[in-house]
Amino acid sequence: MNLKEKLFLAGLGSGLLPYAPGTWGTIVGLLLGVVILSYFPIETLFLLTILITLFGIREINNYEKKSGIHDDKRIVIDEIAGIWLALCFSGISPIAAGLSFLFFRIYDIKKPSIIGRIDRDAPGGVGVMGDDLVAGAAAGLSSAVVLQAIKHFNLLG
């Protein structure tokens with residue numbers, strides 16, 4: 001990987017860590033997302049998610065042509081886009097961020113339903129990014145539902 005790929009595709013180098021690069025990439029994305037949402041409205045994070053997704057698809061396609069490797073485990077820009085989308089649904093309170101992280105990692109690892117189909121069947125950058133975006137949407141919605149249940153039943157006192 002060249003420097004551009006290490007910074008962008010490998011999520012500031014987090015994808016180069018030897019163990020659980022997807023989890024490390026998600027952590028980097030979560031921290032960046034929380035910082036962005038601390039200063040800008042949620043629409044900004046949503047638009048940035050679209051932007052890195054489009055660039056991600058292009059750069060992943062270029063990387064796959066060059067390397068011959070599909071869905072290289074070092075590529076974590078897809079995890080960053082996925083967790084950002086989850087945060088767009090849930091927000092950045094500590095509970096919301098924690099739930100988004102937890103649900104996103106579960107959906108990204110287990111790949112239930114359409115998430116797995118996208119991962120298996122969609123080619124190139126669309127497949128690499130697509131399953132994580134759907135996992136992020138599902139994680140954000142799951143987090144929002146749990147947060148509403150916590151509020152409704154006054155579970156935190």
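Proximity of S142 to Y107: side-chain heavy atoms (C-beta onward) are separated by under 4.5 Å at one or more points. When side chains are defined from C-beta on, D132 does not count as touching I77, because their heavy atoms never get closer than 4.5 Å.
Contact record, S14 with V76: OG-CG2, 3.6 Å, taken as the closest heavy-atom pair. Taking both residues in full, the closest heavy atoms of I69 and E64 are given as O-CG, 3.1 Å, listed atom of the first, atom of the second, then distance. Here the shortest heavy-atom pairing between A144 and F89 reads CB-O, 4.1 Å. Of all non-hydrogen atoms in R74 and L16, the two that sit nearest each other are CD-CD2, 3.8 Å. Across all non-hydrogen atoms, the minimal contact from A86 to S100 is O-OG, 3.9 Å. In plain terms, the two heavy atoms of S38 and I92 that are nearest each other are OG-CD1, 3.9 Å.
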Test side chain to side chain contact (heavy atoms under 4.5 Å, CB included) applied to M129 and L54, step by step: CA-CA 9 Å; M129 297 295 291; L54 295 174; over 6 Å; no

K111/R120 under side chain to side chain contact (heavy atoms under 4.5 Å, CB included): CA gap, chis, key distance, verdict: CA-CA 10 Å; K111 300 197 184 309; R120 281 187 312 274; over 6 Å; no

Please assess Y63 against R58 for the test side chain to side chain donor-acceptor pair (under 3.5 Å), listing each intermediate value before the final yes or no. CA-CA 9 Å; Y63 177 78; R58 185 188 72 192; over 6 Å; no

Determine whether I60 and I57 satisfy the following criterion, side chain to side chain contact (heavy atoms under 4.5 Å, CB included), listing intermediate values before the conclusion. CA-CA 5 Å; I60 290 166; I57 290 169; over 6 Å; no

Stepwise, does the side chain to side chain contact (heavy atoms under 4.5 Å, CB included) test hold for I75 with M1? CA-CA 10 Å; I75 294 174; M1 288 189 136; 4.1 Å; yes

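Here CG of L99 is found 8.0 Å from OG of S93. Values are rounded to the nearest 0.5 Å. For the atom pair CD (E5) and CG (N2), the distance works out to 4.0 Å, reported to the nearest 0.5 Å. I115 contributes atom CD1, which lies 10.5 Å from atom CG of L133 (distance to the nearest 0.5 angstrom). Here D108 contributes atom CG and T23 contributes atom OG1; the two are 8.5 Å apart, rounded to the nearest 0.5 Å. Atom CD1 of I27 sits about 11.5 Å away from atom CD1 of I80, to the nearest 0.5 Å.
Within 6.0 Å of CD1 in I114 there are 12 or fewer heavy atoms belonging to other residues, nucleotides or ligands. Within a 6.0 Å sphere centred on NZ of K73, other residues, nucleotides and ligands contribute 12 heavy atoms or fewer.
In this structure, K4 pairs ionically with E59, as a charged nitrogen and a carboxylate oxygen lie closer than 4.0 Å.
Proximity of a side-chain donor or acceptor of N61 to a complementary backbone N or O of G125 within less than 3.5 Å is detected. With hydrogens and angles disregarded, no donor-acceptor distance shorter than 3.5 Å links the side chain of Q148 to the backbone of V145. Using a distance-only test at 3.5 Å, with no hydrogens or angles considered, a donor-acceptor pair links the side chain of W24 to the main chain of Y19. Without hydrogens or angle criteria, W84 side chain to F46 main chain gives no donor-acceptor distance under 3.5 Å.
With hydrophobic clusters built from ILVMFWY side chains whose heavy atoms lie under 4.5 angstrom apart, I50 does not share a cluster with V134. In the hydrophobic cluster analysis, where Ile, Leu, Val, Met, Phe, Trp and Tyr join through side-chain heavy atoms closer than 4.5 angstrom, L87 is grouped together with I36. In the hydrophobic clustering of ILVMFWY residues, with side-chain heavy atoms under 4.5 Å counting as a link, F104 and L37 come out together. Both I42 and L30 belong to a single network of hydrophobic side chains, linked directly or stepwise wherever heavy atoms of I, L, V, M, F, W or Y lie under 4.5 Å apart. Using a 4.5 Å cut-off between side-chain heavy atoms of Ile, Leu, Val, Met, Phe, Trp and Tyr, with links allowed through other members, F8 and V28 fall into the same hydrophobic cluster.
Applying the side chain to side chain donor-acceptor pair (under 3.5 Å) test to pairs two or more places apart or on separate chains, none has a residue in residues 44-55.
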